[in-house]
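Below: the structure, in C-alpha cells.
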Amino acid sequence: MPDGVHPVRRPVDEQGSRRANRTDWDAYADEYQSTHGDFLGDVGFVWGPEGHQERDLQVLGDPAGLAGLEVLEVGCGAAQCSRWLATQGARVVGLDLSERQLQHSRRIDEATGVVVPTVCATATALPFPDDAFDVVFSSFGALQFVADGDVMVGEVARVTRPDGVFAFSVTHPIRWSMPDDAGPEGMTVTSSYWDRTPYVEEDEDGRPRYVEHHRTLGDWADLLWASGFAITALHEPQWPEGLDRVWGGWGPLRGRLIPGTAIIVARLLRPPSPVS
C-alpha cells in the first residue's frame, strides 16, 4: 500500500470506484505482471491463485468445443486467458479498464505471436452489440471492482446470445469475513459475512485510491437470475498439494481449510429484464 494510504470500509459509488481502480491498476500493472506473469503464463488460463488451469477444470467445457466460439473476457488484464482460448480456436476479445494492462497485452501479443484484440472500457457499459458472444468470462477481473453489479450483469446478458455462458471467478465471499492475510492473522473471523460495505484504500484527503466490493453467494445468484441467467455450476477449488506460493491473502495455511476462490457458471435462459 502506498505511503499516506490507509484502509477503511465505506460506501463508494460506481464513478468513484471506476476512477480509483483505473488509476490504481495503471500504476500497479507493471509490478503485477512482473510478480505474477510467470505463474499466469503468457498463454495460460488460470482461474485463481490456487493455480487451477481451464484445461484441467474445463469450466467452459471440453476445449475441443471452443473452436469457432465468439468469446469476451471482461477484466482481461494482459489477456493471458484469452490468448489460451485463441490457441483453442475461439475468437476472443479482451476488455479492461486499465490502459497499462492492455499495453502489457500488446507486449505479450508481439512476444508470442498470439494476438488478442482488446478494448479499454468499463464492465458497466460494454461497447459491443446485442447477442455478440457465445461466452463471456472473467478470471478475477472487473467484477469485484464494480459498484453497480446489476448494471454490469445486465450488460453481460445483453451481449450474450441466448443459451450462452457467463463464467467468472471471484474471491470466495467467505474470505471477506477475515483479514487479507495468508498467515495466522488471517485465520480469525473479524467481520460479518453479510457486511457489504466496500473495502477502500483512501489517501490523506479521503479520496479513494482502490475500491473492492463484496457480494455474497446469494447476491450473485440474485443478480444473475434478475438478468436471465441460471447458475449451472459452482466450483470451490481446493488448495493443491505441494503449492506453497503466497498471493496476497491466498496461501497454503488457510487454503487447506476454506475456499479462497469461487467460480460461478451460468447460462442465459431468457431475455434479460430491463435495467431500471
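Side-chain atoms are counted along with the backbone in the values below, which use heavy atoms only and exclude waters and symmetry mates.
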Quick one: are [X] and [Y] in side-chain contact, heavy atoms under 4.5 Å?
{"X": "Pro208", "Y": "Arg10", "answer": "yes"}
{"X": "Val153", "Y": "Leu224", "answer": "yes"}
{"X": "Ser139", "Y": "Val46", "answer": "no"}
{"X": "Gln144", "Y": "Glu212", "answer": "yes"}
{"X": "Val93", "Y": "Val116", "answer": "no"}
{"X": "Leu243", "Y": "Trp239", "answer": "yes"}
{"X": "Glu73", "Y": "Ser138", "answer": "no"}
{"X": "Met187", "Y": "Leu257", "answer": "yes"}

Is it the case that the side chain of [X] and the backbone of [Y] share a donor-acceptor pair, with hydrogens and angles ignored and the cut-off at 3.5 Å?
{"X": "Trp250", "Y": "Ala182", "value": "no"}
{"X": "Asp134", "Y": "Leu69", "value": "no"}
{"X": "Arg91", "Y": "Ala67", "value": "no"}
{"X": "Asp96", "Y": "Ala78", "value": "no"}
{"X": "His235", "Y": "Pro237", "value": "no"}
{"X": "Ser34", "Y": "Asp30", "value": "no"}

How many angstroms lie between [atom1] in [X] and [atom2] in [Y], if you round to the nearest 0.5 Å?
{"X": "Ile108", "Y": "Ser82", "atom1": "CD1", "atom2": "OG", "result": "11.5 Å"}
{"X": "Arg256", "Y": "Arg254", "atom1": "CZ", "atom2": "CZ", "result": "13.5 Å"}
{"X": "Asp26", "Y": "Leu97", "atom1": "CG", "atom2": "CG", "result": "7.5 Å"}
{"X": "Leu85", "Y": "Thr87", "atom1": "CG", "atom2": "OG1", "result": "7.5 Å"}
{"X": "Leu40", "Y": "Cys81", "atom1": "CG", "atom2": "SG", "result": "7.5 Å"}
{"X": "Arg100", "Y": "Ser105", "atom1": "CZ", "atom2": "OG", "result": "12.0 Å"}

In terms of hydrophobic clusters joined by side-chain contacts under 4.5 Å, are [X] and [Y] together?
{"X": "Val43", "Y": "Leu66", "answer": "yes"}
{"X": "Ile264", "Y": "Val159", "answer": "yes"}
{"X": "Leu234", "Y": "Ile258", "answer": "yes"}
{"X": "Val59", "Y": "Val135", "answer": "yes"}
{"X": "Val165", "Y": "Val156", "answer": "no"}

So, [X] and [Y], do they make that salt bridge, N to O below 4.0 Å?
{"X": "Asp109", "Y": "Arg83", "answer": "yes"}
{"X": "Asp163", "Y": "Arg267", "answer": "yes"}
{"X": "Asp131", "Y": "Arg161", "answer": "no"}
{"X": "Glu202", "Y": "Arg207", "answer": "no"}
{"X": "Glu110", "Y": "Arg106", "answer": "no"}

Does a side chain donor of either [X] or [Y] reach within less than 3.5 Å of an acceptor in the other side chain?
{"X": "Glu236", "Y": "Thr261", "value": "no"}
{"X": "Thr197", "Y": "Asp195", "value": "yes"}
{"X": "Arg158", "Y": "Ser227", "value": "no"}
{"X": "Thr190", "Y": "Thr188", "value": "no"}
{"X": "Asp219", "Y": "Thr216", "value": "yes"}
{"X": "Asp148", "Y": "Thr124", "value": "no"}
{"X": "Gln80", "Y": "Gln33", "value": "yes"}

Closest non-hydrogen atom pair, [X] against [Y]:
{"X": "Val74", "Y": "Ala123", "answer": "CG1-CB, 3.7 Å"}
{"X": "Phe39", "Y": "Gly51", "answer": "CZ-CA, 3.5 Å"}
{"X": "Pro11", "Y": "Pro198", "answer": "CA-CD, 4.0 Å"}
{"X": "Pro184", "Y": "Leu253", "answer": "N-CD2, 3.7 Å"}
{"X": "Ser17", "Y": "Ala147", "answer": "OG-CB, 4.0 Å"}

- Query: How about Gln238: does its CD atom have over 12 heavy atoms from other parts shown lying under 6.0 Å from it?
  - Reply: no
- Query: Has Glu185 got more than 12 heavy atoms of other residues, nucleotides or ligands less than 6.0 Å from its CD?
  - Reply: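 Count not over threshold, so no.
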- Query: Would Phe137 and Val71 count as a side-chain contact (heavy atoms from CB on, under 4.5 Å) if you check the C-alpha gap in whole Å, the side-chain angles of each, and the deciding distance to 0.1 Å?
  - Reply: CA-CA 8 Å; Phe137 79 96; Val71 181; 3.7 Å; yes
- Run the side-chain contact (heavy atoms from CB on, under 4.5 Å) check on Leu72 and Leu126 step by step: do they pass? CA-CA 10 Å; Leu72 169 65; Leu126 299 176; 4.2 Å; yes
- Item | CA sep, side-chain torsions, deciding dist, call: His214, Arg9, side chain to side chain donor-acceptor pair (under 3.5 Å) | CA-CA 11 Å; His214 168 49; Arg9 298 284 293 272; over 6 Å; no
- Show your reasoning for whether side-chain contact (heavy atoms from CB on, under 4.5 Å) applies to Val146 and His213. CA-CA 7 Å; Val146 169; His213 296 270; 5.7 Å; no
- Message: I'd like to know whether Arg209 forms a salt bridge (charged side-chain N to carboxylate O under 4.0 Å, His left out) with Glu201, so could you lay out the CA-CA distance, the side-chain angles of the two residues, the decisive distance to 0.1 Å, and finally the verdict.
- Response: CA-CA 5 Å; Arg209 299 284 297 274; Glu201 294 175 4; over 6 Å; no
Compute the ring centroids of [X] and [Y], then answer whether they are less than 6.0 Å apart.
{"X": "Phe145", "Y": "Phe140", "answer": "no"}
{"X": "Trp47", "Y": "His52", "answer": "no"}
{"X": "Tyr32", "Y": "Trp25", "answer": "yes"}
{"X": "Phe166", "Y": "Trp220", "answer": "no"}

- Could you give me the CA-CA distance, side-chain angles and deciding distance for Gln15 and Arg18, then say whether side chain to side chain donor-acceptor pair (under 3.5 Å) is met? CA-CA 5 Å; Gln15 184 177 11; Arg18 188 183 309 161; over 6 Å; no
- Message: Asp13: which residues meet the salt bridge (charged side-chain N to carboxylate O under 4.0 Å, His left out) condition with it, sequence neighbours left out?
- Response: none
- Within 45° of the ring axis of Trp176 and under 6.0 Å from its six-membered ring centre, is that where the NZ or CZ of Arg196 lies?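 Not flagged: Arg196 not positioned over aromatic ring of Trp176.
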- Task: Not counting sequence neighbours, list each pair that qualifies as a ring pair (Phe, Tyr, Trp, His ring centres under 6.0 Å) and has a residue in residues 81-132.
- Result: Phe128-Phe133
